Number of protein chains: 2
Amino acid sequence: MFADCPPVDPPMRVGGKWTAKIITCLRSGPRRFSELRAPLAGVTAKVLTESLRSLERDGMLTRTERPGVPGHVEYELTALGRSLFEPLAAQCAWTRAHMAELAAHRAAG
Amino acid sequence: MFADCPPVDPPMRVGGKWTAKIITCLRSGPRRFSELRAPLAGVTAKVLTESLRSLERDGMLTRTERPGVPGHVEYELTALGRSLFEPLAAQCAWTRAHMAELAAHRAAG
DNA sequence: CGGTATCCACGGGGATACTG
DNA sequence: CAGTATCCCCGTGGATACCG
């Protein structure tokens with residue numbers, strides 16, 4: 001899921017701790033709450049909810065309740081949210097290109 | 001100094017709160033501690049020192065004590081540090097292009 | 001001039017339990 | 001299923017004072 005974007009702890013971040021991963025998870029289309037929670041190993045429901053609400057307030061994604069039994073909720077990126085792919089890709093590219101050098105410095109220093 | 005990179009509170013950040021601005025300040029060449037502190041309005045000596053030490057540990061910049069009376073200290077970006085310009089520019093471009101839309105969502109929501 | 005030393009406030013993030 | 005409600009920890013960052 002995130003193989004193209006190595007999880008070097010920082011030094012580069014978009015929004016909160018889970019924001020970049022959420023965007024990446026939604027890349028290929030809308031997903032439900034539980035479909036987001038599974039791949040984002042370690043995130044609690046509370047924190048995931050907060051992150052999603054924050055992204056919704058910023059217009060990065062939409063939240064849609066689908067009725068039925070059982071009902072579910074769909075999260076989908078807006079155009080604004082998808083526009084983050086570009087800077088996100090730049091960060092991933094930087095990390096891929098320099099993470100070894102960075103790790104070497106940290107190990108030495 | 002930072003006119004080309006609007007200070008939208010985030011959503012995009014490189015490292016700590018001051019990291020991106022420090023890198024930008026060092027863009028045109030080496031600077032002394034006090035030459036960094038002035039344009040970074042609001043940063044305390046402690047926090048600036050911490051940020052610089054962290055960047056030094058990561059190999060992003062070098063710290064050089066110049067003897068003499070009065071002596072001073074020079075901070076200069078390494079090649080690794082300068083390599084951050086690219087993703088940094090991508091972030092600035094995104095912010096410039098979408099900050100109005102973002103602000104509108106936040107005001108409405 | 002270029003820092004340390006202390007102390008402290010705040011907010012993000014997490015653990016756990018519970019709910020419509 | 002998709003959350004809330006609580007409680008709490010801890011790291012970042014800031015205020016203030018002092019130092020070689």
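Order of the sequence lines sets the chain letters (A, B, ...), proteins ahead of strands, with each chain counted from 1. No experiment lies behind these values; they were computed from the predicted model shown.
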Spacing between [X] atom [atom1] and [N] atom [atom2], to the nearest angstrom:
X	N	atom1	atom2	answer
B:Arg31	C:dC1	CZ	C1'	17 Å
A:Leu40	D:dG3	CG	P	14 Å
B:Leu36	C:dC1	CG	P	14 Å
B:Leu48	C:dC1	CG	P	14 Å

In degrees rounded to 10°, what angle is found between the helical axes fit to the five outermost pairs at each end of the helix from C:dC1-D:dG20 to C:dG20-D:dC1?
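Nearest ten degrees gives 50° for this helix.
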Could you tell me whether the side chain of A:Met99 reaches within less than 4.5 Å of the side chain of A:Thr95, counting heavy atoms only?
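In contact.
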Does some side-chain heavy atom of A:Thr62 sit less than 4.5 Å from a side-chain heavy atom of A:Glu56?
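No, every pair of side-chain atoms sits at 4.5 Å or beyond.
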Supply the atom-to-atom distance [X] [atom1] to [Y] [atom2], rounded to the nearest 0.5 angstrom.
X	Y	atom1	atom2	answer
B:Trp18	B:Cys25	CH2	SG	10.5 Å
A:Leu55	B:His105	CG	NE2	12.0 Å
A:Glu35	A:Tyr75	CD	OH	12.0 Å

List the atom pairs, with distances to 0.1 Å, where a side-chain N or O of residues 77-90 of chain B and a protein N or O form a donor-acceptor pair under 3.5 Å, not counting sequence neighbours.
| from | atom 1 | to | atom 2 | distance (Å) |
| --- | --- | --- | --- | --- |
| B:Thr78 | OG1 | B:Gly59 | O | 2.6 |
| B:Thr78 | OG1 | B:Met60 | O | 3.1 |
| B:Thr78 | OG1 | B:Leu80 | N | 3.3 |
| B:Thr78 | OG1 | B:Gly81 | N | 3.1 |
| B:Arg82 | NH1 | B:Leu77 | O | 2.9 |
| B:Ser83 | OG | A:Trp94 | NE1 | 2.8 |
| B:Ser83 | OG | B:Leu80 | O | 2.5 |

Can you give one letter per nucleotide of nucleotides 2-14 of chain C, going 5' to 3': B for a protein heavy atom under 4.0 Å from the base, S for sugar-phosphate only, - for none?
SBS-BB-----BB
Contact list for residues 59-75 of chain B, test salt bridge (Lys or Arg N to Asp or Glu O under 4.0 Å), sequence neighbours left out:
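Those involving residues 59-75 of chain B are B:Arg63-B:Glu65, B:Arg66-B:Glu74.
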Can you give each donor-acceptor pair under 3.5 Å made by side-chain atoms of residues 40-53 of chain A, sequence neighbours left out, with the distance rounded to 0.1 Å?
| from | atom 1 | to | atom 2 | distance (Å) |
| --- | --- | --- | --- | --- |
| A:Thr44 | OG1 | A:Val47 | N | 3.3 |
| A:Thr49 | OG1 | A:Ala45 | O | 2.7 |
| A:Ser51 | OG | A:Val47 | O | 2.8 |

